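Since the structure comes first, as structure tokens, the remarks are kept for the end.
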Amino acid sequence: MKEILTKNLNLSQMEAVLCTEGPLIIFAGAGTGKTRVITHRIAYLLSLGVAPQSVLAVTFTNKAALEMKKRISDLIPGIGANAWVSTFHSFCAHFLHAEASRISLNPDFLIYDFTDQKNVVKDCIKELNIDEKRFKISTIADKISRAKDDLKFSSDMAAEAEYMGDFFGTTVAKIYELYQKKLERADAMDFGDLIMRTVSALQQHSELLERYREKYKYIMVDEYQDTNHAQYIFIKLLAGKYRNVCVVGDDDQSVYSWRGADINNILDFEKDYPNAKSVKLEQNYRSTPKILSTANQVVKHNNARISKRLWTQNPDSGSVTVLKAVNENDEALKVAKKITELIYSSAYGNKYKFSDFAVFYRTNAQSRTFEDAFRVSRIPYTVVGTLRFYDRAEIKDVIAYLKLIHNPNDNVSFKRVINIPRRGIGKTSIETLEKFAQLKNMSIWQSVPFAREAGLTKGPVKALNSFAQLIKDFSVLKDGGSVKLIAEKVITDSRYLKELEIENTLESKIKIGNIQELISAVDDFGTRSSDKSLAGYLTQIALINDTDSSDESKGKATLMTLHLAKGLEFDNVFICGLEEGLLPIGESAFNDKELEEERRLVYVGMTRARKLLYLCWSTERRVYGKTIWNMPSRFIAEAGFKDESAEMEQNREQSFQNKLSQGFNRTIQSGGSGQRQNFQSFNKKSSQAEILYTNADSYGYMPSGGEITKDERLIIPLKIESVQIGTVVSHPVFGRRQN
DNA sequence: TAGCCCGGCGTTTTT
DNA sequence: CGCCGGGCTA
């Protein structure tokens, strides 16, 4: 058994797997077999006779959890499936559910997502008569979330703000306080609460803490660089007795600090656990040496990092190339052209599929030009992550009905569906009713019978009553009926589906399709899940938001943000919009912490590539309808594409001046004057950096020396099989070409 | 009550 | 340039 578990591991991996006792930190560089180590380590523990029930592995995403579960089961069929592998949030939800009675909590609590949170914040701001202009809803919702990530109650926030003389903070604390009250009244918890309340429960109930410490003797944490303070404390509490805690992460891939992730958790692990063993996984199995050296070169500019250097035994092939474009459309077209060339190239043995290509960018808005270019170039593509399934309005509507059926006191859901579809209950009616409800300390639902008393007019009162009856009729099914039955009844009896059918537009048809998909997902839940209740369903969908894109992305190129790229890999990667102001974005260049995170983002993007890496930038770009000029990102220079004449430095200085004088909106008229400069001094320093310029065309301008490092150039055959290198061919896009 | 218009604003988003 | 939300008017 042991041989099976260790024979496919390198020395560091084996060291990590075999170290089962005491604190262990594994620095797992990109592509170094991290998941392999975690799963093997768990399997190894089980092979030693450790009960699977005493192993807890936490991750951040359901996808990662699922993958891990599967691989453990594959390694140790049978008992492997009994190890507890889940996300932080899912674990805490289970914990709170199981221990609800002990910590005086309604076990049927709902989970609010960020949209719900914002709705509550909005209500709070209104109720407290706070200036909406100065206190932006999403900013406040974010601040509250960050406070919870830091385990701070509204009282903590208030005290802190007062101490600092921070009026803004004081007001946010007031909003936070009311916000929390509203959540409690609705028996709802946001994501932050799940962790925070679990931590509080463990801190306040020693017998609970003791029980869980005893239960989970071995704890593993994946993506440790992304843990926030609350999660850190949670792990520290649980591991407090046996101290068999193994954390895996890569400080160079920490890109979520703006969401509360604290990079110090990984940097300071050895301080927290002085006797901790540390293992570095540095052998990369994914990328070519050129890609790795480029990525290393970039990330080594960061100060706040644990020194490490990825290396590989992979053959040295392919290239890292800079693509320079004149505007964002040109950038997209150049990328599309490159992809087409590579796809139809026989020089690469026709081996690439569209799905071997990925385009990464800093902001979602950048996807559009690529979509246009790819459509024109007939490149099938999929945009990842724009709007997730459960974030679609029609899905949220149906879910809101289900939430309301589950808990009629859920004001957020009530207000969402009260007039969807239209029932003639307008804004003013709801507002009046809500005010009345607040006055009487009731939920809106509870105040419905008093609508007349509240001052509503006849029409709305009637509509309100029939709505209440509708919900009551649904509620009857709560105990006996399946969730599927309830959902089906909701969409028909509420006339939701009917209204969409009447609308009969392309959009409404898509919505109907989505709702049907939701119904089949609900059906699937009914057959698969052990807890088939409505409450169980709602908990599950609140925590599992997976857009199972595996099928959807088949045979298609992938477009996504750099953030979403983490954890994935592709043969060929284009990192686009590498310009000062876009990547690094905004003002981040003027703040070391933020700049380092931008740099890590580039590092993450680069290390996704197996074979070819393209760094793309454009001198000109339309942003918000205005044309702006950008300097090439400093990360291009850091990647080894040096500019010897210091022209780039000069330009950056100029860009800096512009930023100062124009409030970071460097607007320069398009078609403008002599500002254009040929970055001809981008000469090649490839011997040192092992980087090749592909050719003048891909670079945009001819380097001054006119010397172009040779790269595998391509022909574009129509009938791939029958064409030899050197044959003159004609292509619909590229015309006549010869190798 | 609902539809229209205008103004403001515009990283990233595992749960 | 587009989207979304709030306010105004029919």
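The chains referred to below are lettered A, B, ... by the order of the sequence lines, with proteins before strands, and numbering in each begins at 1. As the structure is a prediction and not an experimental result, all values here were calculated from the model. Basis for what follows: all heavy atoms, side chains included, without hydrogens, waters or symmetry-related copies.
- Regarding contacts with the backbone of B/dG3, a side-chain N or O of A/R422 is found under 4.0 angstrom from either OP1 or OP2.
- The side chain to side chain donor-acceptor pair (under 3.5 Å) with A/D123 is formed by just one residue from the set A/K182, A/K118, A/K415; it is A/K415.
- Contact annotation: A/Y224 side-chain N/O to B/dT14 OP1/OP2 distance is not under 4.0 Å.
- The side-chain ring of A/Y624 is not stacked on the base of C/dG2, judged by centre separation under 5.5 angstrom and plane angle under 30 degrees.
- The residue A/E223 sits apart from the nucleic acid: no heavy atom pair falls under 4.0 Å.
- At a threshold of 4.0 angstrom between heavy atoms, the contacts of A/K136 are confined to the sugar-phosphate backbone, with no base atom among them.
- At the phosphate of B/dT15, neither OP1 nor OP2 sits under 4.0 Å from any side-chain N or O atom of A/T61.
- The separation between A/H563 atom NE2 and B/dT14 atom C1' is 11 Å, rounded to whole Å.
- The minimum heavy-atom distance linking A/D222 with A/T59 is given by the pair CB-CG2, 3.9 Å.
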*Tell me, with the steps shown, if A/K511 and A/D397 meet salt bridge (Lys or Arg N to Asp or Glu O under 4.0 Å).*
CA-CA 11 Å; A/K511 285 184 179 181; A/D397 288 339; over 6 Å; no
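- Rounded to an integer number of Å, the gap from A/K593 NZ to B/dT12 P is 23 Å.
- Across all strands shown, A/L194 has no heavy atoms under 4.0 Å from either base or sugar-phosphate atoms.
- Of the candidate nucleotides C/dC1, B/dT11, B/dT13, C/dC1 has the atom nearest to the side chain of A/R622.
- Computed from coordinates, the A/I418 CD1 to B/dT1 C1' distance equals 14 Å when rounded to whole Å.
- Using a 4.0 Å heavy-atom cutoff across all strands shown, A/K133 reaches no nucleic acid atom at all.
- At the phosphate of B/dG10, neither OP1 nor OP2 sits under 4.0 Å from any side-chain N or O atom of A/T363.
- With a glycosidic angle no more than 90° from 0, B/dT11 adopts the syn conformation.
- When heavy atoms are screened at a 4.0 angstrom cut-off, A/L601 is found touching no nucleic acid atom at all.
- Close to B/dT14, at under 4.0 Å from its OP1 or OP2, lies a side-chain N or O of A/R388.
- Following rounding to the nearest Å, A/L564 (CG) and B/dT15 (P) show an atom-to-atom distance of 10 Å.
- Across all strands shown, A/L543 has heavy atoms under 4.0 Å from sugar-phosphate atoms exclusively, and none from any base.
- The residue A/E594 sits apart from the nucleic acid: no heavy atom pair falls under 4.0 Å.
- As judged by a 4.0 angstrom heavy-atom cut-off over every strand, A/S429 is placed among residues touching the sugar-phosphate backbone only.
- In terms of phosphate contacts, A/N62 brings no side-chain nitrogen or oxygen within less than 4.0 Å of OP1 or OP2 of B/dT14.
- Listed pair A/T87 / B/dT14 fails the phosphate criterion, with no side-chain N or O lying under 4.0 Å from OP1 or OP2.
- Nearest to the side-chain atoms of A/N364 among the listed nucleotides B/dT1, B/dT14, B/dT12 stands B/dT12.
- A/G625 comes within 4.0 angstrom of a nucleotide base, judged by non-hydrogen atoms across all strands.
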*Show your working on salt bridge (Lys or Arg N to Asp or Glu O under 4.0 Å) between A/R600 and A/E597 and close with a plain yes or no.*
CA-CA 5 Å; A/R600 289 193 292 268; A/E597 185 145 320; 3.2 Å; yes
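- Checking the phosphate oxygens (OP1, OP2) of B/dA2, a side-chain nitrogen or oxygen of A/N419 falls inside 4.0 Å.
- In this pair, A/F114 does not lay its aromatic ring on the base of B/dT13; centres under 5.5 Å and planes under 30 degrees do not both hold.
- Between the P atom of B/dT14 and the CG atom of A/D113 lies a distance of 12 Å, rounded to the nearest Å.
- What separates NZ of A/K63 from P of B/dT15 is a distance of 10 Å, to the nearest Å.
- Using a 4.0 Å heavy-atom cutoff across all strands shown, A/Y256 reaches at least one base atom of the nucleic acid.
- Rounded to whole Å, atom P of C/dC4 lies 11 Å from atom NZ of A/K118.
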